[in-house]
Amino acid sequence: MLIGSASRLATVLAVETSCDETAAAILGGDGTILAERLLSQQEHAQFGGVVPEIAARAHLHFLPDLVRMALADANLAPSDLHAIAATTGPGLIGGLIVGAGIAKGMAVAAAKPFIAINHLEAHALSPRLPGLIPGGAPFPYLLLLLSGGHCQCVAVQGVGQYRRLGTTIDDAVGEAFDKVAKMLGLGWPGGPALEALAREGSPNHPLPRPMLGRANCDFSFSGLKTAVAHLLAPSEGALPRTEAADIAASFQSAVSDVLADRARHALALMPGATMLVVAGGVAANAQIRAALSGVAAAHGLPLAAPPPRLCGDNAIMVAWAAIERLRIGVYDGLETAPRPRWPLEELRGTG
Ligand code: KG4
Ligand code: ZN
C-alpha cells in the first residue's frame with residue numbers, strides 16, 4: 001500500500017524478534033530515541049546456539065512487558081504513535097510470528113498503520129540514524145553486512161534499493177566466530193568472547209585467508225574454521241589459555257584480512273560509493289573495524305559503523321527503517337505474512 005504525504009515527524013514503535021533478542025523501541029520521526037527495551041535471551045547458552053522453539057516462547061513471554069515498559073519510558077500511549085512496525089523477516093519463523101502478531105494487534109487496537117521491516121534492511125539503514133554521523137550516511141554507500149546469519153556486500157542506492165555484490169558461499173562470518181569460539185571452549189555467543197581472548201594473544205599461527213585476491217566480493221569461512229579444528233586436534237581439548245589466545249588472535253587476524261580484501265574488491269565494483277559502511281553483530285569487533293577503516297581510507301572514503309550496542313540486533317534500527325519507509329510513503333497491509341527467507345533485492349523502494 002502506498003500513501004502519499006507521510007509525516008516527517010512520525011513517532012514509531014518497533015519490535016524485533018527475528019532471532020534471540022527480544023526488543024522494543026520508540027523513535028521520534030527525526031530519529032530521536034524516545035525509549036528502548038532489549039532483552040538478550042540467555043536460555044540458549046546451555047545449548048551452545050539458538051533453539052528456535054525456545055526463542056519463540058521467550059519472545060511471547062517477554063515482548064508484551066517490554067512494549068509496555070517502552071511506552072511508559074517514553075510517556076506515550078499507543079494512540080500517540082503514528083505507526084507500529086515489526087521485523088517480519090528474514091529470521092526464525094516462530095519469533096517473526098510473535099513479533100508481527102503483537103505489532104499487528106496493537107496496530108488494529110490503536111487504529112495505526114503497520115509497517116513490515118526486513119531485518120537486513122534495518123541493519124543496512126542503521127548508519128543513517130541521525131546522531132551517529134552528522135546528517136546520517138548519504139546514499140549511495142557500500143555496505144558490509146556481517147552478522148551471525150548473513151555475510152554480504154551490498155550496494156545501497158536508496159531506501160529499498162539494494163544490489164547484492166557478493167555473499168558467503170558457506171558460513172556467515174559471525175557463525176564462524178561462534179563455531180571457533182565453541183572449539184576453544186568459550187561461551188555463547190562466541191564473537192565477543194573470542195575477541196576478548198584474542199586481545200591476550202598473538203596472531204602467530206599461519207591460517208588460510210579464503211578467497212583472498214578473488215576478483216569478486218564473495219566470502220568463505222568453512223576452510224578457515226576447519227584449519228582451526230586441525231590446529232586444535234592434537235591438544236584434545238586441554239589447551240593452555242595462552243595457546244588458546246594465540247589461536248583466537250590468529251583466527252581473528254585471518255578474518256580481518258579476508259574482510260578487508262573483500263571490501264577492497266567490493267569498492268572497486270562500486271565506484272560511486274560515498275562511504276564504506278559496516279553493520280551487523282560482527283561490526284562490533286574492534287580489529288575488523290580498524291581493518292575496514294584502513295581500506296576505506298585508502299579509497300579516500302570514511303568508514304561508518306553504528307556504535308557497538310547498535311551493531312547487534314535491536315529494535316532501534318527496526319524503528320529507524322520504518323521511519324525511512326514512512327518518509328517514502330510505504331506502509332504494509334495487516335495481511336503481510338512473516339518471511340523466514342526474504343532477500344534484500346525483493347524490497348520495494350524509491351526506485
Ligand atoms: O546481527 P546479530 O546480532 O544477529 C544476526 O542477525 O545474526 O549478529 C550476531 C553475531 C553472532 O555470531 C556473534 O558472535 C557476532 O555477531 N558478534 C561478534 C562480536 N559481537 C557479536 N563477532 C565478532 N566480534 C564481536 N565483538
Ligand atoms: Zn541481525
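Atoms within a ligand are numbered from 1 in the order they appear, just like the ligands themselves. These numbers were taken from a predicted model, which means no experiment stands behind them. When reading the values below, keep in mind they use all heavy atoms of this one structure, side chains included, and skip hydrogens, waters and symmetry mates.
- Checking Thr167 against Gln152 by side-chain atom types alone, no donor-acceptor pair falls below 3.5 Å.
- In this structure, His119 counts as a contact residue of ligand 1, since one of its heavy atoms falls inside 4.0 Å of the ligand.
- The backbone and the side chain of Val282 each have at least one atom closer than 4.0 Å to an atom of ligand 1 (non-hydrogen atoms only).
- Considering backbone and side-chain atoms together, Gly281 places an N or O closer than 3.5 Å to an N or O of ligand 1.
- A donor atom on one side chain and an acceptor atom on the other are not found under 3.5 Å apart for Glu243 and Ser235.
- Side-chain N/O atoms of Thr242 and Glu200 include no donor and acceptor closer than 3.5 Å.
- Looking at ligand 1, you'll find an N or O of Gly148 within less than 3.5 Å of one of its N or O atoms.
- Stacking of Arg128 on the aromatic ring of Phe139 is recorded, both the 6.0 Å distance cut-off and the 45° axial limit being met.
- A side-chain donor from one of Ser220 and Asp170 sits under 3.5 Å from a side-chain acceptor of the other.
- The minimum distance between the Zn ion (ligand 2) and any N, O or S atom of Asp313 involves atom OD1.
- Using a 4.5 Å cut-off on side-chain heavy atoms (C-beta onward), Phe251 and Leu184 make no contact.
- Residue contact annotation: Gln252 has no non-hydrogen atom under 4.0 Å from ligand 1.
- When non-hydrogen atoms are compared, ligand 1 lies under 4.0 Å from the side chain of His123 (C-beta onward) but not from its backbone.
- The shortest N or O to N or O distance between Gly174 and ligand 1 is under 3.5 Å.
- Asp178 OD2, 3.6 Å is the protein heavy atom nearest to atom 11 (C) of ligand 1.
- Across Leu194, Leu146, Ile288, a single residue satisfies side chain to side chain contact (heavy atoms under 4.5 Å, CB included) together with Val255, and that is Ile288.
- At a cut-off of 3.5 Å, with distance as the only test, no side-chain donor of His59 or Asp20 sits close to an acceptor on the other residue.
- In this structure, the protein non-hydrogen atom closest to atom 22 (N) of ligand 1 is Gly191 CA, 3.4 Å.
- Among the atoms of Cys19, no N, O or S atom falls under 2.8 Å of the Zn ion (ligand 2).
- Distances below 4.0 Å separate heavy atoms of Glu195 from the following atoms of ligand 1: 25 (C), 26 (N).
- Side-chain contact check for Glu345 and Tyr162: no donor-acceptor pair (N or O, by modelled atom type) lies under 3.5 Å.
- Taking 4.5 Å as the limit, every side-chain heavy atom of Thr87 sits out of range of all side-chain heavy atoms of Val15.
- Using 4.0 Å as the threshold, Cys19 has no heavy atom nearer than that to any atom of ligand 1.
- Checking His123 against the Zn ion (ligand 2), an N/O/S atom falls under the 2.8 Å cut-off.
- Geometrically, ligand 1 and Glu21 share no nitrogen or oxygen pair separated by less than 3.5 Å.
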